[in-house]
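All of these numbers come straight from a predicted model, not from anything done at the bench. Reminder, nothing fancy here: chain letters follow the sequence lines and each chain counts from 1.
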There are 2 protein chains.
Amino acid sequence: MKSYKIIIADDHKMFLDGLLSILKGKPEYTIILTANTGKNIAKYLDINNADEPVDLVITDVNMPDMNGIELNKHIKTYHKKVKTLVVSMLHDAQTIQTLTQDQVDGYVPKNAEKEELLKAIESILNGDKYFSQSIKDVYLKGMFSNEQNLMNSLSKREREVLKLIAQELTTQEIADELFLSKHTIESYRKNLISKLEVRNLAGLTKYAIKMGLVED
Amino acid sequence: MKSYKIIIADDHKMFLDGLLSILKGKPEYTIILTANTGKNIAKYLDINNADEPVDLVITDVNMPDMNGIELNKHIKTYHKKVKTLVVSMLHDAQTIQTLTQDQVDGYVPKNAEKEELLKAIESILNGDKYFSQSIKDVYLKGMFSNEQNLMNSLSKREREVLKLIAQELTTQEIADELFLSKHTIESYRKNLISKLEVRNLAGLTKYAIKMGLVED
DNA sequence: TTATGCCTCACGGAAAACGGGGTATACCAC
DNA sequence: GTGGTATACCCCGTTTTCCGTGAGGCATAA
């Protein structure tokens, strides 16, 4: 009888225990490796996957060293036949979008029932994709949200200026930084305020933070 | 043989499974209830705790309806003999401080080894407190951080003005809102920029967000 | 080829922010 | 009762933001 080879990456030990206890009772699945960072998984695959192909990697998003997003990208670049399932508590549209663009095979939130997790694993090993309803909801909501649309309507230069504004630089300093005229930066600021429908610098700053252009 | 009565609250099903599988092998612990929100736990205790006292409640912080902070407060107010242990991935100093002020008995991060979790449970049931080293680190770092000190150095009025500034109101609008002179608000803004060691509105806005004075 | 969008720069004027003072009352603690 | 702090207010001068408008170059897509 064939048993699928599965690898799990999660830096939450207790969660790992939970996953293991769920999959322990299933002889059709063999956990061949667990790790608390993507780096070890990537290394393992680079060395061993050619000889002993892995069927599925289950991974968290937030991990030290190499997170789930990078791990997924690595796998889909260098080990295309290995399926990936993300299990995470994070639900921001940006992350989900990045993962789907990188050909992730599934995404299940950590608060899902174990039945759903098993269903996801089964589907993916069957060659299908599996995304929980809540993930699809977040994704769609994110894609059609004002913020995202507005963000996409900004040019690269505008984003750059916005970032520097939120970093507390004055117009003159931004101009120096980008080797542009002060007037140019003023134009960008104006356009940003107009495009993003905010009232002033405070609004721009909040927006930049929301979009993750600056920390805090 | 006495078996301690334990209740667990966590809205992450898989994590719950992990915890259960860890505690299943221990006959000295009996899980009498699990829930995905604090509300149910609080209700249960209000009704049954007098007849059948519970020894320990293990709870996550982030939960719908009633979170771990509120649950802990409820328990420590109305069921003082029930011990509480928080197990969460959240590590912000503010949360930890609130919990300790509310007499929580322990705090362990979710990425802890299960040995540490068992040690924490044992210590707490023994009447001791248990906080993981990483939690203590965050707490201390938070208490001695510039941000927290600066925040505490602000008066109520200053916080109020800061909040309105971050909400994109102009000086004049804030003055109208608080029935104060425009000059007064200008003074407050000046003092805030000086006290918080930022350069301009953008800095104030970022600070207000970091301190949770405004959403986003 | 026109059109569209982006990037760049500019002028002018009103409004607001910024920086550095100062005054005054009240309350609380030492 | 002196010092510290929170509160509230004021003046002045400079800088920056905010807002409208316009315009040239440049790439690319219709």
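- Among the protein residues, Gln172(A) comes within range of no part of the nucleic acid, since none of its heavy atoms lies under 4.0 Å from any strand.
- Ser181(A) has a side-chain polar atom (N or O) that falls below the 4.0 Å cut-off from OP1 or OP2 of dA10(C).
- The interatomic distance linking Arg189(A) (CZ) with dA15(C) (C1') rounds to 13 Å, in whole Å.
- At dC18(D), none of the side-chain N or O atoms of Arg199(A) fall inside 4.0 Å of OP1 or OP2 (strictly under the cut-off).
- Each of Arg157(B) and Asn200(B) was assigned the nucleotide of DNA chain D with the nearest heavy atom; the assignment lying further toward the 5' end belongs to Arg157(B).
- OP1 or OP2 of dA15(C) has not a single side-chain nitrogen or oxygen of Thr170(B) nearer than 4.0 Å.
- At whole-Å resolution of the value, CD in Glu168(A) and P in dT17(D) are 13 Å apart.
- Dashed line: the shortest gap from a side-chain N or O of Thr184(B) to OP1 or OP2 of dA8(D) is not under 4.0 Å.
- Between Tyr188(A) and dT8(C) there is a side-chain polar atom (N or O) within less than 4.0 angstrom of OP1 or OP2.
- For Lys110(A) and Phe15(B), the positive end is not near the middle of the six-membered ring at less than 6.0 Å and at most 45° from its axis.
- Where Leu180(B) and Leu201(B) each meet DNA chain D at their nearest nucleotide, the meeting point lying more 5' is that of Leu180(B).
- The number of heavy atoms from other shown groups lying within 6.0 Å of NZ (Lys163(A)) does not exceed 12.
- With values rounded to the nearest 0.5 angstrom, Thr170(B) atom OG1 is found 9.5 Å from Lys182(B) atom NZ.
- The residues Lys195(B) and Glu158(B) are annotated as salt-bridged, a charged nitrogen and a carboxylate oxygen being separated by less than 4.0 angstrom.
- The distance from atom CG of Leu204(A) to atom C1' of dC18(D) is 11 Å, rounded to the nearest whole Å.
- With rounding to whole Å, Asn191(A) atom CG is found 10 Å from dC6(C) atom P.
- With hydrogens and angles ignored, no donor-acceptor pair closer than 3.5 Å exists between the side chain of Lys182(A) and the base of dT16(D).
- In the set dC18(D), dC18(C), dC7(C), the nucleotide with an atom closest to the side chain of Ile193(B) is dC18(C).
- Taking side-chain N and O atoms only, Ser187(A) has no distance below 4.0 Å to OP1 or OP2 of dT8(C).
- No side-chain donor from either of Asn126(B) and Glu122(B) sits under 3.5 Å from a side-chain acceptor of the other.
- To the nearest angstrom, C1' of dA8(D) lies 12 Å from NE2 of His183(B).
- At whole-Å resolution of the value, NZ in Lys190(B) and P in dC9(D) are 14 Å apart.
- Rounded to whole Å, atom P of dA17(C) lies 8 Å from atom CD1 of Ile165(B).
- With axes fitted over five pairs at each extremity, the angle between the ends of the helix from dT1(C)-dA30(D) to dC30(C)-dG1(D) is 40° (10° resolution).
- Salt-bridge formation is not detected for the pair Lys39(A)/Glu70(A): no Lys NZ or Arg NE/NH1/NH2 atom is positioned less than 4.0 Å from an Asp or Glu carboxylate oxygen.
- Atom CG of Leu169(A) is separated from atom P of dT16(D) by 13 Å (rounded to the nearest Å).
- Tyr78(A) contributes atom OH, which lies 8.5 Å from atom CG of Asp46(A) (distance to the nearest 0.5 angstrom).
- At a threshold of 4.0 Å, the pair Lys13(A)-Glu115(B) does not count as salt-bridged, since none of the basic side-chain nitrogens sits closer than that to a carboxylate oxygen.
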